[in-house]
Amino acid sequence: MGGVAPAFIDVSASDIFRHLGDLLSPKDGADVTFQVAGKTFRAHRCILGAQSPVFKAELLGAMKESTTSGDGIPIHGMLPQVFKALLDFIYTDSLPEMEVQGEVTMAQHLFEAADRYDMQRLKLICEDKLCRHLDVSNAATTLVLAEQHNCQGLKDACIEFLKSSDALEGVMATDGFEHLTRSCPALVKELMSKLTTQSRKRKLST
């Protein structure tokens, strides 16, 4: 009778991302340079292109010629540490360990970067981190990000958090809420409408 054969061979987990990360550290064979707020980063076109459709178009497609000369491709509107984290994720499929507050701030920046470069897995990872770390200090700014980048799940999580009267009162006292009011007035109206509807339902149920 047949049975399960004993396991004589232990197949280890794939370590491809460790090897790719090793490529980034010494910059072996790097063939593209980026300039980010005065900082220089070197990388590999084929690896960036494989992970991001936007990088693929810029570095391997019709736009390639415009990226082959000069002191490097300028990256505007992004902090050097965020671009470094973006490259690290591309090469290693992981993000650095950070304190919670630093992790939230980095997740907000990387969320924007992931949307910019059409990196859906990174965008979802950042959404998950932002959902799990919602609090009074960051709920308003996170809601603005969700609205601006069309992320309904993250938007719903923020609104659900703000449905608590205690949370809303605290959030309204933050600079982030002022930013929300200025940049997304229609969203504030939507939020207030949802809160009014919720209040009416509570009254009817009592």
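Numbering of residues begins at 1 and proceeds along the displayed sequence.
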Are side-chain heavy atoms of [X] and [Y] found at a separation under 4.5 Å?
| X | Y | result |
| --- | --- | --- |
| Leu154 | Leu143 | no |
| Lys194 | Ile159 | yes |
| Met106 | Lys129 | no |
| Leu122 | Cys126 | yes |
| Leu48 | Tyr91 | yes |
| Thr141 | Gln108 | yes |
| Met119 | Leu86 | yes |
| Gln35 | Ile73 | no |

Using a 3.5 Å cut-off and no angle test, enumerate the donor-acceptor pairs between side-chain atoms of residues 184-193 and protein atoms at least two apart in sequence or in another chain.
residue	atom	partner	partner atom	Å
Glu190	OE1	Lys155	NZ	3.1
Glu190	OE2	Lys155	NZ	3.4

If you measure from [atom1] on [X] to [atom2] on [Y], what distance do you get to the nearest 0.5 Å?
| X | Y | atom1 | atom2 | result |
| --- | --- | --- | --- | --- |
| Ile75 | Arg116 | CD1 | CZ | 5.5 Å |
| Thr142 | Glu147 | OG1 | CD | 13.5 Å |
| His44 | Leu87 | NE2 | CG | 11.0 Å |
| Glu112 | His109 | CD | NE2 | 7.0 Å |
| Leu134 | Cys158 | CG | SG | 4.5 Å |
| Phe83 | Phe41 | CZ | CZ | 7.0 Å |

Under 3.5 Å: donor-acceptor pair, side chain of [X], backbone of [Y]:
| X | Y | value |
| --- | --- | --- |
| Asp31 | Arg45 | yes |
| Arg42 | Thr33 | no |
| Thr174 | Val171 | yes |
| Gln51 | Ile90 | yes |

For this session: Using the test ring-ring contact (aromatic ring centres under 6.0 Å, His included), find all partners of Tyr117 that sit at least two apart in sequence or belong to another chain.
Result: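 Checked Tyr117 against ring-ring contact (aromatic ring centres under 6.0 Å, His included); matches are Phe55.
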Exercise. Any chain of hydrophobic side-chain contacts (each under 4.5 Å) joining Val54 to Val32?
Worked result: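 Both belong to a single hydrophobic cluster.
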For this session: Enumerate the residue pairs fulfilling ring-ring contact (aromatic ring centres under 6.0 Å, His included) with a member in residues 176-197, sequence neighbours excluded, ordered by first and then second residue.
Result: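 For residues 176-197: none.
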Exercise. Is there any ring-ring contact (aromatic ring centres under 6.0 Å, His included) pair reaching into residues 125-159, and which pairs are they, with sequence neighbours excluded?
Worked result: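 Listed once each, the pairs are Phe111-His149.
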Shortest non-hydrogen contact from [X] to [Y]?
| X | Y | answer |
| --- | --- | --- |
| Gly170 | Val136 | C-CG1, 3.4 Å |
| Leu60 | Cys46 | CD1-CA, 4.3 Å |
| Lys123 | Cys151 | CE-SG, 3.3 Å |
| Phe34 | Ala43 | CE1-CB, 4.3 Å |

Exercise. Under the side-chain hydrogen bond (donor to acceptor under 3.5 Å, both in side chains) test, which residues partner Asp135, sequence neighbours left out?
Worked result: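 So Asp135 forms a side-chain hydrogen bond (donor to acceptor under 3.5 Å, both in side chains) with Ser137, Asn138.
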Problem set entry | Contacts of type side-chain hydrogen bond (donor to acceptor under 3.5 Å, both in side chains), residue Lys39, not counting sequence neighbours |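 Testing Lys39 for side-chain hydrogen bond (donor to acceptor under 3.5 Å, both in side chains), a comparison that skips the adjacent residues, returns none.
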For this session: Decide if atom CD of Glu97 counts as having more than 12 heavy atoms of other residues, nucleotides or ligands within a radius under 6.0 Å.
Result: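 Atom CD in Glu97 is not crowded, with 12 or fewer foreign heavy atoms closer than 6.0 Å.
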For this session: May I ask you to check whether Gln152 and Asn150 show a side-chain donor-acceptor distance below 3.5 Å?
Result: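 Gln152 vs Asn150: no donor-acceptor pair found between side chains.
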For this session: Could you go through the side chain to side chain contact (heavy atoms under 4.5 Å, CB included) check for Val104 and Leu130 one step at a time?
Result: CA-CA 6 Å; Val104 170; Leu130 292 173; 4.1 Å; yes
